Asks: 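My questions all concern the structure below.
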Amino acid sequence: MTRLLGPAIGVAAVYALVLAAPFVAPYDPTTQHRDRPLAPPTRVHVIDRDGRLHPRPFVYAEDISGATHAYPLRFFARSSDDSAVGRGSRHLFGVDAPAEVFVFGTDTLGRDQLSRLLYGGRISLGVGLLATALALGAGLVLGCIAGFVGGWTDAAVMAASDVFMALPWLYLLLALRAALPLDVAPARALASIVIVIGIAGWARPARLVRGVVLSVRGRDFVAAASASGASPARVLRSHVAPEVFSVALTQASILIPQYTLAEITLSFFGIGIGEPTPSWGSMMGVMLRQELTLAHWWLAAPAAALIGVSLLYHATADALQRRSLAVGVSR
Amino acid sequence: MNVRSTALCSLFLRRVLRAGAELVAVSLLVFAVTTIAPGDPFSDVRLEQQVSADTIAALRRAEGLDRPFLVRYAQWLRSAAHGDLGRSIAYRSPIAPLVARRAVNSLTLVAAALVVTWALVLPLGVWTAARDRATDGRIVASGASALIAVPDLLIAIALVVVAARSGLLPTGGLRTAGAADQAGVAALVDRVRHSLLPVLALTLIAGPPLFRHVRASMLDALRAPYLLAAAARGIPYRRRLWRLALRAAANPLVSLFGLSFAALFSASMMVEVVMSWPGLGPLLLDAVRTRDEQLIAAGVMLATLLLIVGNGCADVLLRSVDPRISM
């Protein structure tokens, strides 16, 4: 259990962070600070130039006259952001104009990298979650039906899953993506990406669930339950569902990072969620184009975040698998 | 004809039939998907004021876009059977030669990566399994499992960035501009240099999971009692490891070969796009962007065909090699 707890808390923390993006992010992710493209991360000081210690961290900035002043960070302050979205909302931290605080620097258009990372995480991680729900949901329903009904239904579902698994994964994603419109509003683009990944991914969980259902149905205690008059619904509820649930949980911890990466890859290719809405994929596209000529290390923030998230999921999946193995052995 | 070769023939036949059925189903799916797609290659033309609706209708008729779905599908199947995959509207050329050239590029990349990956993974897996108790074996093993957690896309991007910064390797394309004029050997060297980076990326992507399987399978084999018996008989360690244990461990790995081909093929699409390798990947991506439905259908179909044929060949070949696997 301890193996599972750490990574699970980590994953939950990441989702909480991106969910709280409007509060944590100091700026609107689409606001362009035109005079500050590719600005390096803003230095936050505690000790000023005269060597005095300040209880409140501050940043240096030039005012209109060109003189440098210290601007203290304001916590839980109302936004000074001019965009319609951000106006008047409370943020975790911020500074008064003309100072700016870019914790992870800015991108080529002068947009705050931290804010884009957080809002982009909402898109990328959210798509991973929703697509997994769709694929796993469809897989559960179809797998259970195939496993329970058997016969022609089973054959048809398995044949259909064969077709989907015969296609190379990325080619399948691209083919399905072609069926849905490309240049649409962010909300619709998001929906179509979720649908594409969900449809592309239903086959594997369906096969897995069918296998579990078949193996459970073949066990002696299930046969005994049926023989002593348990209804199919009862067998499903008290014998099949727990087994399927454990498999589905492990499967989810494998699929979510995979589908998150699928969204990132599609957006990286430019056929996912379009600009100016941030996604870790499109941010990485910016990174690759820029990094080839100049060293702007802070542009690699989404890559670092993605590695962190996949490591967390990897550890979670590992722990879940170990646990289900241990449960299987002890039974 | 003995029993074994008859069984092999029937396996081959069943494989071909299955592959054919799968291909027809995939083609129907792909064609349906591309037909559902809103808009067509003339969507952009429609925005131009000077072009009348009649002209667009005429253009659509000329390309056969106004006919019903099943008619177009049947037409497409018939011409595909004749080796004619239709015309790309964006490229204004027949699709078959266009796709064939790209498929060859993709296939050489995947084949090279397949060879390199297995050549690397097999000895490494055996070695780390043998040195399971030692620090060096453990370090390599944990390094590989750390690589599994790194997303494919990031591996490719990181390699491009490193290669571009160091200037050691070209980061894109098939050959240096003008290299075709060079003498045979120089052109070949140039070609190999260009393929080093994508092959490395594919190896790093597909290698770690395979490595884990090889290692696990070897660890199982090394624990077997007959190895202890072999040691008691005085068979030397190296022979025990590389001949006895590896042969026993190879059995579960045989089924992995086809899987590794599929994984490499899919990863290759992304690597091709990131490293501008002129394979099927970038072609297909362009086709999706320009809504060139015939090209999408042809590209996906060809990729599936290659995958099915490759898997089938590997399967039949390996089954004929190993008499223990039932057919």
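Please read all numbers here as calculations on a predicted model, not as lab measurements.
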Asks: Non-hydrogen atoms of chain A under 4.5 Å away: do they reach the side chain of B/Ala262, the backbone, both or neither?
Replies: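 Nothing of B/Ala262, per the 4.5 Å heavy-atom cut-off to chain A.
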Asks: Any chance you could measure A/Met284, atom CE, to B/Leu153, atom CG, to the nearest 0.5 Å?
Replies: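 Rounded to the nearest 0.5 Å, the CE-CG separation comes out at 6.0 Å.
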Asks: Write down the atom of A/Thr316, the atom of A/Ala8, and the distance for their closest heavy-atom approach.
Replies: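 So the two residues come closest at OG1-N, 4.1 Å.
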Asks: Hey, is CZ on A/Arg188 packed in by over 12 heavy atoms from elsewhere, all under 6.0 Å?
Replies: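 Not buried by this count: 12 neighbours or fewer within 6.0 Å.
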Asks: Nearest 0.5 Å please: distance from the CG atom of A/Asp318 over to the CG atom of A/Leu311.
Replies: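 One finds 11.5 Å between CG of A/Asp318 and CG of A/Leu311.
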Asks: Measure the spacing between CZ of B/Arg212 and OG of B/Ser145 and express it to the nearest 0.5 Å.
Replies: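 Rounded to the nearest 0.5 Å, the CZ-OG separation comes out at 6.0 Å.
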Asks: Tell me the closest heavy-atom pair linking B/Met275 and B/Ala201, and the distance in Å.
Replies: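 Taking B/Met275 first and B/Ala201 second, the nearest heavy atoms are CE-CB, 3.8 Å.
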Asks: Count the heavy-atom pairs under 4.5 Å between each of A/Ile307, A/Asp162, A/Thr265, A/Leu172 and chain B, then report the option with the highest count.
Replies: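 Most heavy-atom pairs under 4.5 Å with chain B: A/Asp162.
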Asks: Side-chain contact, heavy-atom cut-off 4.5 Å: B/Leu283 with B/Leu295?
Replies: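 The answer is yes, as the side chains (C-beta and beyond) meet within the 4.5 Å cut-off.
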Asks: Give the interface residues of residues 193-207 of chain A toward chain B, defined by a heavy-atom separation under 4.5 Å.
Replies: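 Heavy-atom contacts from residues 193-207 of chain A to chain B are absent.
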Asks: Quick one: pull up CE in A/Met283 and CG in A/Asp107 and give me the separation to the nearest 0.5 Å.
Replies: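 Taking CE in A/Met283 and CG in A/Asp107, the distance rounds to 7.0 Å.
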Asks: Which answer fits B/Leu28, side chain, backbone, both or neither, if we ask what part of it has an atom under 4.5 Å from a heavy atom of chain A?
Replies: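 For B/Leu28, neither part sits under 4.5 Å from chain A.
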Asks: Of all heavy-atom pairs between A/Leu136 and A/Ala252, which one has the smallest distance, and what is that distance?
Replies: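 Looks like CD2-CB, 3.8 Å.
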Asks: Within this structure, what is the CG-CZ distance for the pair B/Asp220 and B/Arg215, rounded to the nearest 0.5 Å?
Replies: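 Result: 11.5 Å between the selected atoms.
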Asks: Mind listing the closest non-hydrogen atom pair of B/Ala163 and B/Leu197 along with its distance?
Replies: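 For B/Ala163 and B/Leu197, the tightest heavy-atom pair comes out as CB-CD2, 3.7 Å.
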Asks: Tell me yes or no: between the side chains of B/Tyr73 and B/Ser27, is some donor less than 3.5 Å from an acceptor?
Replies: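 Looking only at side-chain atoms, B/Ser27 and B/Tyr73 do form a donor-acceptor pair, the distance falling under 3.5 Å.
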Asks: Specify the closest pair of heavy atoms between B/Leu147 and B/Pro208, including all atoms of both residues, with the distance to one decimal.
Replies: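 For B/Leu147 versus B/Pro208, the nearest heavy atoms are CB-CG, 3.7 Å.
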Asks: If the contact rule is any heavy atom under 4.5 Å from chain B, which residues of residues 253-264 of chain A qualify, in numerical order?
Replies: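 Those residues of residues 253-264 of chain A which have a heavy atom under 4.5 Å from chain B are A/Leu261, A/Ile264.
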Asks: Can you tell me which of B/Leu280, B/Leu306, B/Ile308 forms the most heavy-atom pairs within a distance under 4.5 Å of chain A?
Replies: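 With the most close heavy-atom pairs to chain A, the winner is B/Leu280.
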Asks: Quick one: of B/Val26, B/Leu23, B/Val300, B/Val274, who has the most non-hydrogen atom pairs under 4.5 Å with chain A?
Replies: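 The candidate making the most pairs under 4.5 Å is B/Val26.
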Asks: Locate the shortest heavy-atom distance separating B/Pro278 from B/Asn105; write the atom from each residue and the value.
Replies: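 The answer is O-ND2, 2.9 Å.
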Asks: Taking side chain as everything from C-beta outward and backbone as N, CA, C, O, which of these in B/Leu284 sits under 4.5 Å from a heavy atom of chain A? Side chain, backbone, both or neither.
Replies: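 It is both, since atoms from each part get that close.
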Asks: Need one label for A/Phe164: side chain, backbone, both or neither, based on atoms under 4.5 Å from any heavy atom in chain B.
Replies: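 Contact with chain B: side chain only.
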Asks: At a 4.5 Å cut-off on heavy atoms, which part of B/Leu307 comes close to chain A: side chain, backbone, both, or neither?
Replies: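 Just its side chain gets close to chain A.
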Asks: What is the distance from atom CG of A/Leu176 to atom OG of A/Ser192, rounded to the nearest 0.5 Å?
Replies: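 One gets 11.5 Å once the value is rounded to the nearest 0.5 Å.
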Asks: Can you say whether B/Val273 sits under 4.5 Å from chain A via the side chain, the backbone, both, or neither, judging by heavy atoms?
Replies: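 The side chain, not the backbone.
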Asks: So which residue, A/Gly281, A/Ala160, A/Ala159, A/Ala166, ends up with the most heavy-atom pairs under 4.5 Å with chain B?
Replies: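 Of A/Gly281, A/Ala160, A/Ala159, A/Ala166, A/Ala166 has the most heavy-atom pairs under 4.5 Å with chain B.
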Asks: Mind ranking A/Tyr313, A/Trp169, A/Phe268, A/Tyr171 by heavy-atom pairs under 4.5 Å with chain B and telling me who comes out on top?
Replies: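 Highest number of pairs under 4.5 Å: A/Tyr171.
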Asks: Against chain B, label A/Ile271 side chain, backbone, both or neither, depending on which of its atoms sit under 4.5 Å from a heavy atom there.
Replies: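 Just its side chain gets close to chain B.
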